[in-house]
Number of protein chains: 2
Amino acid sequence: MELKRKKVSIYDIARVLNISGSTVSRALQDHPAISTEMKALVKKTAKEMNYKPNTMAVNLKRGKCNTIGVIVPNINRNFFASAIEGIEEEVNKMGYDVLICQSQDQYEKEKKVIGSLSQGKVDGVIASIAAGTRDYAHFNSLEEYGIPLVLFDRVAEGINAGTVTVDDYRGAYRVVKHLCAQGKRRIFHYAGFQHVSVWRNRYKGYVDALKEYGIEPEKEWVFVGNITREEGEATARKILRMKNRPDALFCTSDFVALGAMLEFLKNGVRIPEEMAICGFANEPFDELLRPSLSSVDQFSKKMGQQAARMLLDRLNGESWVNIILDPELIVRESSGMITS
Amino acid sequence: MELKRKKVSIYDIARVLNISGSTVSRALQDHPAISTEMKALVKKTAKEMNYKPNTMAVNLKRGKCNTIGVIVPNINRNFFASAIEGIEEEVNKMGYDVLICQSQDQYEKEKKVIGSLSQGKVDGVIASIAAGTRDYAHFNSLEEYGIPLVLFDRVAEGINAGTVTVDDYRGAYRVVKHLCAQGKRRIFHYAGFQHVSVWRNRYKGYVDALKEYGIEPEKEWVFVGNITREEGEATARKILRMKNRPDALFCTSDFVALGAMLEFLKNGVRIPEEMAICGFANEPFDELLRPSLSSVDQFSKKMGQQAARMLLDRLNGESWVNIILDPELIVRESSGMITS
DNA sequence: ATGAAAGCGCTAACAT
DNA sequence: ATGTTAGCGCTTTCAT
């Protein structure tokens, strides 16, 4: 079977109807100067001839491709998948498509991807910065090509972009206040690398909340590392080896909290009585764990929708704003049930 | 700040170097007829001038856009997100991008999306059919526009496409044999709607496995409905009301199994002793549940990779094949520990 | 080894 | 109300 057939263009229609190409073009676009009968005729013929406009030609002519590029560390994480879901739904309403790119949390890949998108593949970009990125020049390069940028969740200073974040500081602050309200005082923190905005802000919230209770976290209270289940397990093991254990552990990621909790449970630590645990992100699995895991909801899908709307607004000439969503503390079994 | 700047084209470079546009074009493409010095000069100048090829123009000229469209019910499900992850990685290696579309499991949305992609937005399509789809003409319409199609997981007869599936029949068959080996005999099945290939095949596997034990499932043993946690809960409640309860429940989805299991546990049913449970898909949460949920792994990322490679091969002129992966039964606590 | 020129399919001034 | 024409930025024959 033949794979390629000749495509029908507006000129094929024009020839059949003995009219000009522009009349066909205009009729198809409901141009006011075209008579109703002509419009009907052209549309009918177009349909019969199985005509489809050639997007590439339209794009070239209009200098616009109705496509939004999305760069995330990895699609296969609920947080990002949900955000993309929101983005897709929102931009779709306005006739835009979504081009997906994964940075794999690597700086080099992120740079490469941005270079590729700069070639007029997209009208705008929505991104969440790779964990491995410490230099942001590549993001600013988008501007040189007239491609507006919205960052969500993982943002950074010095990038000309709109931003959508949750108030990570406040989320962390609430977690720690909540733990204190449970009577916990020796609260450790598993933090992410501090060059990443969200992890830095959560760390600050942690410190400030403790400060209100007159507590100054010691150096050994804070761990810094990758955001993985394995690191959580390793950290729990380290803690188990300490003579002076914490009574609570606040992890900047649900995956770390998961690993830590399972490791603690395996070693007979009672949660939350001996060790309260809180994570961050409110991953779907949190509520399925026993004990269920307290966390902070970031409204990922909503973040995606907001980012999308912000970018579309920008494409319509509006200027940047920064949206900060208020995160919600979700108290579950792993951090006790005393309501503050 | 100015958003749009004038883009630099090959003619800008040509003017600066006092050469023709075609020489620039050829130099940039390493055309053999261009001298080494000229190539170096052009490339250097292009870089200095911050030149980026205009993808839309290249696409129009070449009649190809190096983009693959992916249509899935929903991105925000681990199975599909993983598949997309695999697709993206694979096509990326060959210089293709990925355009994402969600059908939301709705026939109308799926049709709309295919119509949109047919306008020369993509060189090929990878899709998993919406649950709401019963007529497949829209998929065959892609062929008329010279757009090859690969279906994965949810496939259907009568569509001209390559396919990547797991052997759902065999997966289900293994589940039921395993349950029988645990001494279970009164095994109920929560099935999906039977017009969907994967659910139909799993149902068949269920029936045939039972048959080998001389068991003919009665009508009331089989439930048909949506693949949601809520339906699982409702089904468990129905079962609890029965005078003659099953000793095992095989669900065609982990989400249904999850809902059912939680509801059973809430009502004091001992799992797996009184009620063994198996799901399908091996969602990440399965191993986190207590008891952990037995399931069937479908190798979603691998399916995505295979589908991608198949499509790329097709774009290189190869003909269709059908790949059937062998699914793996993952026995966990919810279905007992007697190894067969 | 390089240049001139046509044209991919469409849109939109500028005619009429 | 409809037609003519000039590109959008690039590739590629054909010429030199």
Side-chain angles (χ1 to χ4, degrees), chain A residues 4-43 45-46 49-67 95 118-123 145-147, chain B residues 4-43 45-46 49-66 95 118-123 145-146:
Chain A
K4 297 272 174 201
R5 313 203 177 182
K6 253 238 290 317
K7 300 262 183 66
V8 4
S9 79
I10 51 170
Y11 289 104
D12 296 318
I13 301 173
R15 202 175 314 116
V16 168
L17 296 179
N18 252 310
I19 56 177
S20 77
S22 27
T23 302
V24 175
S25 174
R26 283 190 274 243
L28 257 17
Q29 299 175 75
D30 273 323
H31 189 109
I34 301 292
S35 69
T36 320
E37 308 81 53
M38 183 56 95
K39 279 182 192 167
L41 178 62
V42 169
K43 285 179 184 170
T45 314
M49 294 178 71
N50 213 359
Y51 167 79
K52 290 263 177 186
N54 181 324
T55 303
M56 301 187 258
V58 176
N59 288 351
L60 174 59
K61 183 71 214 187
R62 291 213 219 268
K64 176 170 193 306
C65 54
N66 280 284
T67 301
S118 304
Q119 310 183 6
K121 286 183 181 176
V122 294
D123 297 323
Y145 300 103
I147 301 173
Chain B
K4 297 270 171 203
R5 312 204 175 183
K6 252 237 291 316
K7 299 265 183 64
V8 5
S9 79
I10 52 171
Y11 289 103
D12 297 317
I13 300 173
R15 203 174 313 116
V16 168
L17 296 178
N18 253 308
I19 56 176
S20 77
S22 21
T23 302
V24 176
S25 173
R26 284 191 273 243
L28 258 16
Q29 299 175 76
D30 273 322
H31 188 109
I34 301 291
S35 70
T36 321
E37 308 82 54
M38 183 55 94
K39 279 180 190 167
L41 178 62
V42 169
K43 285 179 183 169
T45 313
M49 295 179 68
N50 214 358
Y51 167 78
K52 290 264 177 184
N54 181 323
T55 304
M56 301 186 259
V58 176
N59 288 350
L60 175 59
K61 187 70 215 188
R62 291 213 218 270
K64 177 172 192 303
C65 54
N66 280 282
S118 303
Q119 313 185 2
K121 286 183 181 177
V122 295
D123 297 323
Y145 300 103

Chemist: Is there a side-chain contact between Tyr51(A) and Leu28(A) in this structure, where contact means two heavy atoms from C-beta onward sitting under 4.5 Å apart?
Modeler: yes
Chemist: Rounded off to whole Å, could you give me the CD-to-C1' distance for the Gln29(B) and dT11(D) pair?
Modeler: 7 Å
Chemist: Please report how far the helix from dA1(C)-dT16(D) to dT16(C)-dA1(D) bends, comparing the axis fitted to its first five pairs with the axis fitted to its last five, to the nearest 10 degrees.
Modeler: 40°
Chemist: If you look at every heavy atom in Ala14(B) and Gly21(B), which pair is closest and at what distance?
Modeler: CB-N, 3.8 Å
Chemist: Minimum heavy-atom separation for Met49(A) to Val8(A), with atom names?
Modeler: O-CG1, 3.2 Å
Chemist: In whole angstrom, give the distance that lies between atom CD1 of Ile13(A) and atom P of dC10(C).
Modeler: 8 Å
Chemist: Between Ser118(A) and Tyr145(A), what is the shortest heavy-atom contact and its length?
Modeler: CB-CD1, 3.7 Å
Chemist: Side chains of residues 52-60 of chain B: which donor-acceptor pairs under 3.5 Å do they make with residues two or more places apart or in other chains?
Modeler:
residue  : atom : partner   : partner atom : Å
Lys52(B) : NZ   : Gly115(A) : O            : 3.2
Asn54(B) : OD1  : Met56(B)  : N            : 2.8
Asn54(B) : OD1  : Ala57(B)  : N            : 3.1
Thr55(B) : OG1  : Gln119(A) : O            : 2.4
Asn59(B) : ND2  : Thr55(B)  : O            : 3.4

Chemist: Protein-nucleotides 6-8 of chain D N/O pairs closer than 3.5 Å?
Modeler:
residue : atom : partner  : partner atom : Å
dG7(D)  : N2   : Lys61(A) : NZ           : 2.8
dG7(D)  : N3   : Lys61(A) : NZ           : 3.4

Chemist: Is the distance from OP1 or OP2 of dG3(C) to the nearest side-chain N or O of Ser20(B) less than 4.0 Å?
Modeler: yes
Chemist: Under 4.0 Å, counting only non-hydrogen atoms across every strand here, what does Met56(B) touch: a base, just sugar-phosphate, or nothing?
Modeler: nothing
Chemist: Would you classify Ser22(B) as touching base, sugar-phosphate or nothing, given that sugar-phosphate means primed atoms plus P, OP1 and OP2, and contacts are heavy atoms under 4.0 Å?
Modeler: base
Chemist: May I have the distance from Tyr51(A) (atom OH) to dC10(C) (atom C1'), rounded to whole angstrom?
Modeler: 7 Å
Chemist: Using side-chain heavy atoms (C-beta onward) and a distance below 4.5 Å, is Ile19(A) in contact with Met38(A)?
Modeler: yes
Chemist: Minimum heavy-atom separation for Cys65(B) to Gly120(B), with atom names?
Modeler: SG-O, 3.9 Å
Chemist: Distance check: side-chain N/O of Ser35(A) vs OP1/OP2 of dA1(D), anything under 4.0 Å?
Modeler: no
Chemist: Nearest heavy atom decides the nucleotide; on that basis, is Arg26(A) or Ile10(A) closer to the 5' end of DNA chain C?
Modeler: Ile10(A)
Chemist: Nearest-Å distance, NE2 (His31(A)) to P (dA1(D))?
Modeler: 9 Å
Chemist: Just how far is it from atom CD of Gln29(A) to atom OG of Ser22(A), taken to the nearest 0.5 Å?
Modeler: 11.0 Å
Chemist: Over how many whole Å does the gap from Ile34(B) atom CD1 to dG3(C) atom C1' extend?
Modeler: 10 Å
Chemist: If you compare every side-chain N and O of Ser9(A) against the phosphate oxygens of dG9(C) (OP1, OP2), does one of them come in below 4.0 Å?
Modeler: no
Chemist: Can you work out whether Pro32(B) or Ser25(A) has the more 5'-proximal nearest nucleotide on DNA chain C?
Modeler: Pro32(B)
Chemist: Which whole-number value in Å describes the distance from Asp30(A) CG to dA12(C) P?
Modeler: 14 Å
Chemist: Any idea which heavy atoms bring Lys7(A) and Asp12(A) closest together, and the distance?
Modeler: O-OD2, 3.6 Å
Chemist: Rounded to whole Å, how long is the line connecting atom NZ of Lys64(A) with atom P of dA12(C)?
Modeler: 13 Å
Chemist: Taking the side chain as C-beta and beyond, is there a heavy-atom pair between Lys121(A) and Thr67(A) under 4.5 Å?
Modeler: no
Chemist: Measure from OH on Tyr145(B) to P on dG9(C) and round the result to the nearest Å.
Modeler: 15 Å
